[in-house]
Amino acid sequence: MIESVWPYLAVMLLAAGFWPAIERHFGWKVFEILPPIVLTYLTVTALSVGGLWTHSAEIQGAQELLVKRLVPALLFLLMISCDLRAILRLGPRVLGVFACTSISLFAAFVLAFLIFRHWMPGDGWKPLASLSGSWVGGTANMIAVKQAIGMSDTSLATTLLTDALCYSMWVVVLFSVARLAPAFNRWARARSSADMAVAETAARTPATVDSVLLWLGLAIGVAALATVLGERLPVGSMVSSTTWTILIATFAGLVAAHTPLARLPGAQSVSSAMLISVVAVLASQSSFAGIAAAPLYLLCGVTVIALHAVFLCGFARLFHFDLYLCGISSLAHIGGVAATPVLAATYSRSLVPVGILLALLGYILGTGYGLVVASVLSALAS
């Protein structure tokens, strides 16, 4: 049994790297349903329940410090690839689809909560709020919202499973409806976006040892500064010092993204490693207690996606959006930057940059969006 910090950290890093390595070398089909980040969470949770390490004061202190520092550092790094100028150049039609997608998801989360709240515990709104951050941004936004609203670690397992399973289902639907585009566009009285001309996004330069070290130092330094500033700002019922820390780190990343610093390679590699490491640390504090609520939240997730689809179709009819843009925008929210370009390429290769930029816009807005949803759901729950 592990009782000190360094062996514990060694297990966390090994667990964080295991499933991504298996996926890269073998590419098993299971990863299409349960991505490595979910399997990492379940694996580390199983090790925690099995008693591989004790929950001593030393290890608990390390867990708290790691999460407190690494989450804002992670958000800072994720923002480095977000070019707001390129996103704004997409034009009002594309940004309009994105806005309508966000609104449709917001309405869907609120309605789904109102439908199922009688079967949820008092803080049952928190997993939905955290999930909303992911379904605009990504897993990092989910974790940021979780930390900001004080959601328990046991609820994170339920949220991650709901995210993974509902996302997998929705991807299949979006790929399948491509052949319906002509009929949908006639119904919506929309012109196809297949021939849209958008500048290609710049290719990423491979990470180097020096760039990795520089990004690690910068990210940890920004996280420390954001923590100090966040503790000095006013707090309220829904805004804590952690919320301020997360927002400050996000803003700092957006500012850095528009400086020559953004050309330094390695930010994405470091952020990917940091993300799955944070998930492993969070899992090490939890148990399988939250899994019992998974069926209810899975049903909530399916309901949210169904309502979102209905509302987005209504917006498409009202504003004459075509099926390709609607599908890409929807997956940019729910699926993120990894899956959206693949779907966009299936629709039309010229739309790949659109998919990437919309997914990056989701990363920028995801945390704030999740906090807004949290405010509304908590008010409805009280």
Side-chain angles (χ1 to χ4, degrees), residues 64-88 130 133-134 136-150 201-202 204-205 207-208 210-236 238-279 281-282 336-337 356-372 374:
E64 182 180 349
L65 181 63
L66 285 168
V67 173
K68 184 177 181 180
R69 289 289 188 262
L70 290 184
V71 170
L74 169 63
L75 292 171
F76 169 77
L77 290 171
L78 285 173
M79 294 301 106
I80 297 300
S81 59
C82 298
D83 188 345
L84 284 173
R85 291 166 296 191
I87 292 170
L88 292 175
S130 182
S134 177
V136 172
T139 306
N141 302 98
M142 175 197 294
I143 293 172
V145 174
K146 170 204 172 296
Q147 292 298 113
I149 64 177
T201 53
R204 295 187 180 93
T205 307
T208 58
D210 56 308
S211 66
V212 168
L213 292 173
L214 287 170
W215 278 123
L216 273 173
L218 281 168
I220 293 172
V222 167
L225 179 60
T227 301
V228 171
L229 293 175
E231 290 173 348
R232 297 183 179 182
L233 292 171
V235 298
M238 285 301 300
V239 179
S240 63
S241 60
T242 302
T243 307
W244 282 120
T245 299
I246 287 168
L247 294 176
I248 291 168
T250 301
F251 179 75
L254 286 174
V255 172
H258 296 84
T259 67
L261 188 63
R263 293 196 289 269
L264 183 67
Q268 185 186 29
S269 299
V270 176
S271 64
S272 297
M274 198 176 286
L275 172 59
I276 201 162
S277 299
V278 168
V279 168
V281 173
L282 289 171
V337 76
I356 295 172
L357 292 172
L358 288 184
L360 291 176
L361 180 58
Y363 276 132
I364 296 171
L365 301 176
T367 303
Y369 183 96
L371 293 175
V372 171

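Starting from 1, each residue takes its place in the sequence as its number. Given the structure is predicted, the values throughout are model-derived calculations rather than measurements.
Within the model, atoms CG of Leu247 and CG of Leu371 stand 6.0 Å from one another, a figure rounded to the nearest 0.5 Å. Atom CG of residue Leu365 and atom CG of residue Leu360 lie 11.0 Å apart, to the nearest 0.5 angstrom. Separation of atoms CG (Leu75) and CD1 (Ile364) is listed at 12.0 Å; rounding is to 0.5 Å. Here CG of Leu74 is found 12.0 Å from CD1 of Ile276. Values are rounded to the nearest 0.5 Å. In this structure, CE in Met79 is found 6.5 Å from OG1 in Thr367, a value given to the nearest 0.5 Å. Interatomic distance, CG of Leu254 versus CD1 of Ile80, reported as 8.5 Å (0.5 Å rounding).
When every heavy atom of Ser240 is checked against every heavy atom of Ala148, the shortest pair comes out as OG-O, 3.7 Å. Closest non-hydrogen pair, Ala144 versus Ile246, comes out as O-CD1, 3.2 Å. When all heavy atoms of Val145 and Gly370 are compared, the closest pair comes out as CG2-CA, 3.9 Å. Gly230 and Trp244 get closest at one heavy-atom pair: CA-CB, 3.7 Å. The shortest heavy-atom contact between Ala219 and Ala73 is O-CB, 3.5 Å. Closest approach of Pro72 and Ala249 over heavy atoms only: O-CB, 3.4 Å.
Looking only at atom types and distance, the side chain of Thr245 has no donor-acceptor partner in the side chain of Thr242 under 3.5 Å away.
Within the 4.5 Å cutoff, side-chain heavy atoms of Leu218 are placed close to those of Leu261. When side chains are defined from C-beta on, Leu282 counts as touching Gln147, because their heavy atoms get closer than 4.5 Å.
Of the residues listed (Leu214, Leu213, Thr208), the one engaging Ser211 in a side-chain contact (heavy atoms from CB on, under 4.5 Å) is Thr208, and it is the only one. Between Leu77 and the options Val270, Leu216, Leu275, a side-chain contact (heavy atoms from CB on, under 4.5 Å) holds for only Val270.
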Worksheet entry | Check against side chain to side chain contact (heavy atoms under 4.5 Å, CB included), Lys68 and Thr227 | CA-CA 8 Å; Lys68 184 177 181 180; Thr227 301; 3.7 Å; yes
Practice prompt. Would you check, one step at a time, whether the test side chain to side chain donor-acceptor pair (under 3.5 Å) holds for Ser269 with Ser272?
Written response: CA-CA 5 Å; Ser269 299; Ser272 297; over 6 Å; no
Discussion item. Before you tell me yes or no, could you show the steps for Ser134 and Asn141 under side chain to side chain donor-acceptor pair (under 3.5 Å), namely the whole-Å CA-CA distance, both residues' side-chain angles and the distance that decides it to 0.1 Å?
Written reply: CA-CA 6 Å; Ser134 177; Asn141 302 98; over 6 Å; no
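Judged by distance alone, the side chain of Trp215 and the main-chain N or O of Pro265 form a donor-acceptor pair under 3.5 Å. Side-chain atoms of Ser271 do not come within 3.5 Å of backbone N or O of Leu78 as any donor-acceptor pair.
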